[in-house]
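The block underneath contains the structure these notes are about, expressed in structure tokens.
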Amino acid sequence: MKQIKNKTLLASVLTDGKGLQVFNPFDNSLIATIPVSCQSRVEQDVLDLDIGQKVWQKMPAAERCHLLKKWNQLILENEDDLARLITLEGGKPLKEALGEVRYGASFIEWFAEEGRRAYGSTIPSPSNDRTLLTVKQAIGVAAAITPWNFPLAMITRKAAPALAAGCSFICKPSESTPLTAFAVTELAYQAGIPKDVLRMVMGENAHDVGEVFTYHSSVRKFSFTGSTLVGRKLQMQCASTIKRTSMELGGNAPFIVFDDADIDSAIEGAMASKFRNAGQTCVCANRFYVQDAVYDEFVEKLVIAVDKLKVGNGLDEDTNIGPLISMEAKQRVLDLIEEAKGRGAKQVNREQKLGGQFVAPTVLVDVEHDRPLVQGEIFGPVLPIIRFHDEETMIDMANDTIYGLASYFYSQDMNRIWRVAHRLEYGMVGVNEGVISTEVAPFGGVKQSGNGREGAKEGLEEYLETKYVCIGGLER
Ligand code: SIN
């Protein structure tokens, strides 16, 4: 923890050896130990937040906005420390980590503003003695479980709209990356956000916390970012108390290069989309489809770009790809590669066998469409390429999946751009762009990639109820 200058960030959570151990994925060294809560403590947290929320929702939106803006400012003032923490516990290169801090902060600024615009509406009344209107009200206590791949931004993307709407917010971060989560929460307290309105918890085990968040009747909204497998289970648990849910689950993003594409721009987009966080994002391009006429040029240029990538310690300035989050994650990715190779896939870039939790960037051609590498989420720096002939078959292949989060395609033909964007069954479509996430646009998926949207005006709605008020007995 020597590398972190602002000692207040973690002062309240570091223990002298008891509790959850946090490791650096670069060399598996122990970074810190933090305390864990038993299930009844988490239940008490929810009850505290239920009381806190009643006060918080009465606060004028402009005052909540002021506190959120202060939080945003403190995050930016501490961006170097926060970025370093993200790299230390999550492994991503420092410049990407800094990008994440700014991306995460942008949600707070955006929702601070949006919270002041939680407008209701008036409704033309069917009779003269009644006035009909709607008002927007905070749902209540919101709970969330967030992942390790964006240990800061996935928290602020949920916490900021919740707090702006007048909800209180409790969150369990990933066991792999809790330090960033507690540090960013400490900054919220320093900004003046009360402790009975925002709380970060780490349970003795994840299952116990998940049970409280999904079964407790005082939790009225549950938001999850993680795998479809786990999301499905949590959503079922939420059904017992009919909670509102937002589920940001797995993806299997197609990246399609049509024969009219600008190939250099497609290469740039492919590199940015595939290798962000070593391929460990839900929106990373997962499977590449390249049309006949441009196939050879695309593969050739891609291999040159991929072989320039430097794998190493995220703290080193020239690193492009850090370690994967765990040995299990590495093994899973290596197994996917081996399985595809066993069925005829060929690696066309430099082969490297790396130790520790590193996986070398891998470009595979002649991959069969039904292989697990193509059908599931890779979550690693692997790029399977499939050649295609016509648009119609291509769209069928792209849509032939249970997932529907992000998709990407490259084309210069305006008719095709509209046609294909319309027909892709995905919550997000990037056209001639490989990275499309921003706080001002709605992020989320269709099909088994989840429900609900984060960011944008839609992100605030997820934490609001619409109440209809009918005022009768009026004279006109
Ligand atoms: C994710 O992988 O879940 C989030 C990625 C993003 O916000 O761009």
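Numbering of ligands and ligand atoms starts at 1, following listing order.
Between Glu465 and Arg244 there is a salt bridge, with a side-chain nitrogen of the basic residue lying less than 4.0 Å from a carboxylate oxygen of the acidic one. The pair Arg117-Glu113 counts as a salt bridge, with a side-chain nitrogen and a carboxylate oxygen less than 4.0 angstrom apart. A salt bridge does not link Lys69 to Glu109: none of the charged nitrogens lies less than 4.0 Å from a carboxylate oxygen. For Asp45 and Arg199, the salt-bridge test passes: some basic side-chain N is under 4.0 Å from an acidic carboxylate O. For Lys158 and Glu454, the salt-bridge test passes: some basic side-chain N is under 4.0 Å from an acidic carboxylate O.
Against a heavy-atom cut-off of under 4.0 Å, Glu248 is close to the following atoms of ligand 1: 1 (C), 3 (O). Close approach of ligand 1 to Tyr103 is summarised as follows: ligand atoms under 4.0 Å from at least one heavy atom of the residue are 6 (C), 7 (O), 8 (O). Ligand-side atoms of ligand 1 in range of Thr281: 2 (O), range being under 4.0 angstrom from any heavy atom. Each of the following atoms of ligand 1 lies closer than 4.0 Å to a heavy atom of Ser437: 6 (C), 7 (O), 8 (O).
Residue contacts with ligand 1, taken as heavy atom pairs separated by less than 4.0 Å, do not involve Val435 at all.
Close N/O approach between Thr225 and ligand 1 is not found [any backbone or side-chain N/O within under 3.5 Å]. Note: an N/O pair closer than 3.5 Å links Cys282 and ligand 1 by distance alone.
The salt bridge (charged side-chain N to carboxylate O under 4.0 Å, His left out) with Glu462 is formed by just one residue from the set Lys457, Arg453, Lys243, Lys221; it is Lys221.
The closest approach between a heavy atom of Glu454 and any atom of ligand 1 is not below 4.0 Å. Residue contacts with ligand 1 do not include Gln280, since none of its heavy atoms lies under 4.0 Å from the ligand.
Ranking the protein heavy atoms by distance from atom 5 (C) of ligand 1 puts Phe150 CE1, 3.6 Å first.
Judged by a 6.0 Å distance limit and a 45° cone about the ring axis, Arg157 is positioned over the six-membered ring of Phe443.
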